[in-house]
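This report concerns only the one structure given below.
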Amino acid sequence: MRHIAIIGSGPAGYYTAEACLKQFEDDVRVDILDRMPVPFGLIRSGVAPDHQAIKAVSQRYEAIALTDSVRFVGKLTLGRDVSVAELLALYDAVILATGAPSDQTLGIEGDSLPGVVGSAAFVGWYNGHPDYAALAPKVDGVDAVIVGNGNVALDVARILAKSPAELDGSDIVAHARERLGTAQVRSITILGRRGPHQIGMGAKELGELADLEHAAPLVEAADFPPPESDAMLEAGHRKAVAELRRFAGTSPQKPVPIRFRFFTRPLAIGGAGQVESMTVERTLLGPNGTAVGTGQTFEIPAGLVITCIGYRTPPIPGVPYDDQLGRFANVEGRIAPGLYCVGWARRGPTGTIGTNKPDGYRIAEQIAKDQPEPGGKQGRAGLDVLIAQRNLDIVTFRDWQKIERAEIERARAGAPREKFTAIEEMVEAARG
Ligand code: NAP
């Protein structure tokens with residue numbers, strides 16, 4: 001029997017488990033470990049709460065989780081409860097699917113002032129991640145500045161802009177619903193250091209800004225290159241740019257503007273004890289496509305700054321790490337003999353949920369090549385000994401199903417669930 005441990009129960013973790021089942025059939029046992037008592041990582045904590053159709057992919061992961069060959073071991077932290085070396089001694093392969101849950105920072109003056117928040121924290125807050133439940137960002141009447149031109153920036157802008165009625169049917173957690181529902185931001189600015197042709201946004205995601213109850217996108221036609229230059233863009237990208245062009249032709253009268261400021265980069269953040277403003281610089285596209293400062297600076301009001309500029313994988317003691325790229329040092333997913341990584345922990349924070357599927361299949365094939373035969377390791381029986389010796393209060397997939405049932409039962413009318421936002425509440429529901 002071949003024994004595989006996957007660390008992280010998000011999309012990368014479950015697609016890899018699925019791939020291992022396909023690759024090794026009945027001759028494999030997979031343990032999926034997660035520091036949270038609840039599975040599915042980014043699906044639960046990252047995907048926007050009003051994008052329920054995307055979250056439905058967790059049903060596919062559940063089918064994998066319920067096979068006899070796969071088990072979920074929640075509330076077990078690698079590096080604290082058990083070490084990488086211990087897992088390598090117990091399993092034929094240890095695969096890190098820990099994602100990239102830490103925010104990149106701007107690295108400019110004032111970027112740690114209260115009111116400057118990374119998207120991991122802000123998205124985690126409205127999605128009920130226990131690490132960020134206490135964030136309580138100030139939104140009432142503020143000018144919100146969102147830095148970055150990717151889909152995360154759009155998620156954040158849309159959730160800030162939506163009315164309570166528009167969030168019906170979402171699983172936004174109670175603390176965020178209450179805070180966002182009783183207050184409204186005055187304006188939203190989405191800051192891009194490059195231009196409309198350099199966005200990482202999708203057409204569908206941009207289109208969702210078009211028909212909001214209280215808010216509307218404002219785009220300057222002067223920021224665009226000539227329309228004929230759109231022809232050189234890849235089809236999906238061209239559609240997104242067309243959506244932006246459509247916005248540029250309108251000036252809707254709604255109370256909250258969502259202003260796209262292209263060719264503008266943050267230089268410094270100011271405020272006395274709390275963010276109040278941002279100094280920005282106009283940019284041009286340099287010859288290699290990067291943003292080049294023009295020296296022309298100005299100040300914009302900012303009562304809340306949300307940086308949506310990418311993520312990093314947190315290092316794990318004993319695992320080689322590429323500090324510059326913010327992920328594990330690896331060659332095609334191999335870190336060291338028996339130690340692999342997949343998903344954002346391997347390639348950085350890019351791509352959709354589905355991008356993780358080929359990643360998982362590639363690593364299963366790699367393991368089969370590297371280790372044609374299993375090494376007679378103890379696998380889950382050995383982990384169970386460590387869990388018992390250390391008196392670890394782990395959570396199983398059946399426990400998670402109880403947590404999920406409790407979240408569904410306490411949901412408000414029309415909502416799919418009301419998530420628990422504290423680990424203790426989750427454990428209580430599991431044991432109840
Ligand atoms: P992203 O698409 O890489 O966008 C990051 C943005 O941050 C870029 O516009 C980048 O500008 C900007 N940036 C980086 N450093 C900066 C700095 N120091 N100052 C100013 N701007 C800076 O990443 P993301 O939005 O975090 O999304 C991550 C992945 O998840 C993407 O593949 C995304 O498509 C996916 N996602 C998908 C959905 C969906 O399908 N609905 C939702 C959310 C996320 P430059 O381009 O100039 O570097």
Side-chain angles (χ1 to χ4, degrees), residues 48-51 53 119 139 141-170 180-181 183-266 278 280 282-285 291 296 298 300-306 308:
D50 58 344
H51 279 174
S119 53
V139 289
V142 302
D143 296 296
V145 177
I146 297 171
V147 184
N149 268 185
N151 279 321
V152 171
L154 288 182
D155 280 348
V156 166
R158 190 178 68 255
I159 295 297
L160 271 179
K162 276 193 167 180
S163 69
E166 286 173 309
L167 289 168
D168 280 351
S170 80
L180 296 172
Q184 199 171 47
V185 293
R186 182 161 52 197
S187 69
I188 298 170
T189 297
I190 301 180
L191 217 62
R193 62 182 170 182
R194 298 191 291 155
H197 269 195
Q198 286 74 38
I199 54 169
M201 300 161 168
K204 181 180 150 289
E205 290 76 7
L206 278 164
E208 287 177 274
L209 297 186
D211 299 308
L212 295 173
E213 191 181 334
H214 295 310
L218 289 180
V219 176
E220 293 289 336
D223 284 333
F224 287 81
E228 53 277 15
S229 62
D230 292 3
M232 67 182 185
L233 301 175
E234 172 276 320
H237 197 176
R238 190 162 61 238
K239 266 174 104 177
V241 172
E243 199 66 39
L244 272 178
R245 286 194 189 274
R246 189 163 74 86
F247 294 161
T250 61
S251 50
Q253 300 302 309
K254 296 211 181 153
V256 180
I258 304 175
R259 184 182 303 278
F260 285 75
R261 267 191 198 274
F262 291 108
F263 299 111
T264 308
R265 72 175 177 196
M278 183 185 274
V280 297
R282 289 290 289 173
T283 61
L284 294 168
L285 268 190
Q296 186 196 339
F298 58 102
I300 56 174
L304 172 66
V305 171
I306 304 168
C308 304

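Along the sequence shown, the residues carry numbers beginning at 1.
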- Query: Taking C-beta and beyond as the side chain, do F298 and V280 meet within less than 4.5 Å on heavy atoms?
  - Reply: yes

- Task: Evaluate the criterion side-chain contact (heavy atoms from CB on, under 4.5 Å) for residue pair M201 and F260; output intermediate values, then yes/no.
- Result: CA-CA 12 Å; M201 300 161 168; F260 285 75; 3.8 Å; yes

- Task: Keeping the roles fixed (side chain from E234, backbone from H237), state whether a donor-acceptor pair exists under 3.5 Å.
- Result: yes

- Task: Any chance you could measure I199, atom CD1, to L154, atom CG, to the nearest 0.5 Å?
- Result: 8.0 Å

- Message: I'd like to know if the side chain of T264 and the backbone of F262 have a donor-acceptor N/O pair within less than 3.5 Å.
- Response: yes

- Heavy atoms only: give me the nearest L218-P257 pair and the separation to one decimal. CD1-CB, 3.7 Å

- Message: To the nearest 0.5 Å, what is the distance between CZ on R261 and CD1 on I300?
- Response: 5.5 Å

- Task: Ignoring hydrogens and angles, tell me if any N or O in the side chain of E213 forms a donor-acceptor pair with the backbone of E166 under 3.5 Å.
- Result: no

- Note on the structure: Rounded to the nearest 0.5 angstrom, the CG-CD1 distance for L191 and I306 is 12.5 Å

- Gap between atom OG1 of T189 and atom CD1 of I258 - 0.5 Å precision: 10.0 Å

- Minimum heavy-atom distance G202-A240, with the two atoms named: C-CB, 3.9 Å

- Nearest heavy-atom neighbours spanning A183 and V139: CB-CG2, 4.0 Å

- Note on the structure: Distance col, row T250:OG1 vs R245:CZ, nearest 0.5 angstrom, shows 14.0 Å

- Message: Would you compute the distance between atom CZ of F224 and atom NE2 of H197 and round it to the nearest 0.5 angstrom?
- Response: 8.0 Å

- Are any of the side-chain heavy atoms of I159 and L167 separated by less than 4.5 Å? yes

- Query: Any side chain to side chain donor-acceptor pair (under 3.5 Å) pairs touching residues 147-160, not counting sequence neighbours?
  - Reply: D50-R158, H51-R158, D155-R158

- Minimum-distance pair of heavy atoms, taken over all atoms of C308 and V156: SG-CG2, 4.0 Å

- Message: Restricting to non-hydrogen atoms, name the atom on L212 and the atom on A161 that form the minimum distance, rounded to 0.1 Å.
- Response: CD1-CB, 3.8 Å

- Closest non-hydrogen contact found for I190 with A157 is CD1-CB, 3.8 Å

- Message: List the residues meeting side chain to side chain donor-acceptor pair (under 3.5 Å) with R238, not counting sequence neighbours, and say none if there are none.
- Response: none

- Note on the structure: Quick note, salt bridge (charged side-chain N to carboxylate O under 4.0 Å, His left out) partners involving residues 185-203, not counting sequence neighbours, are D143-R186

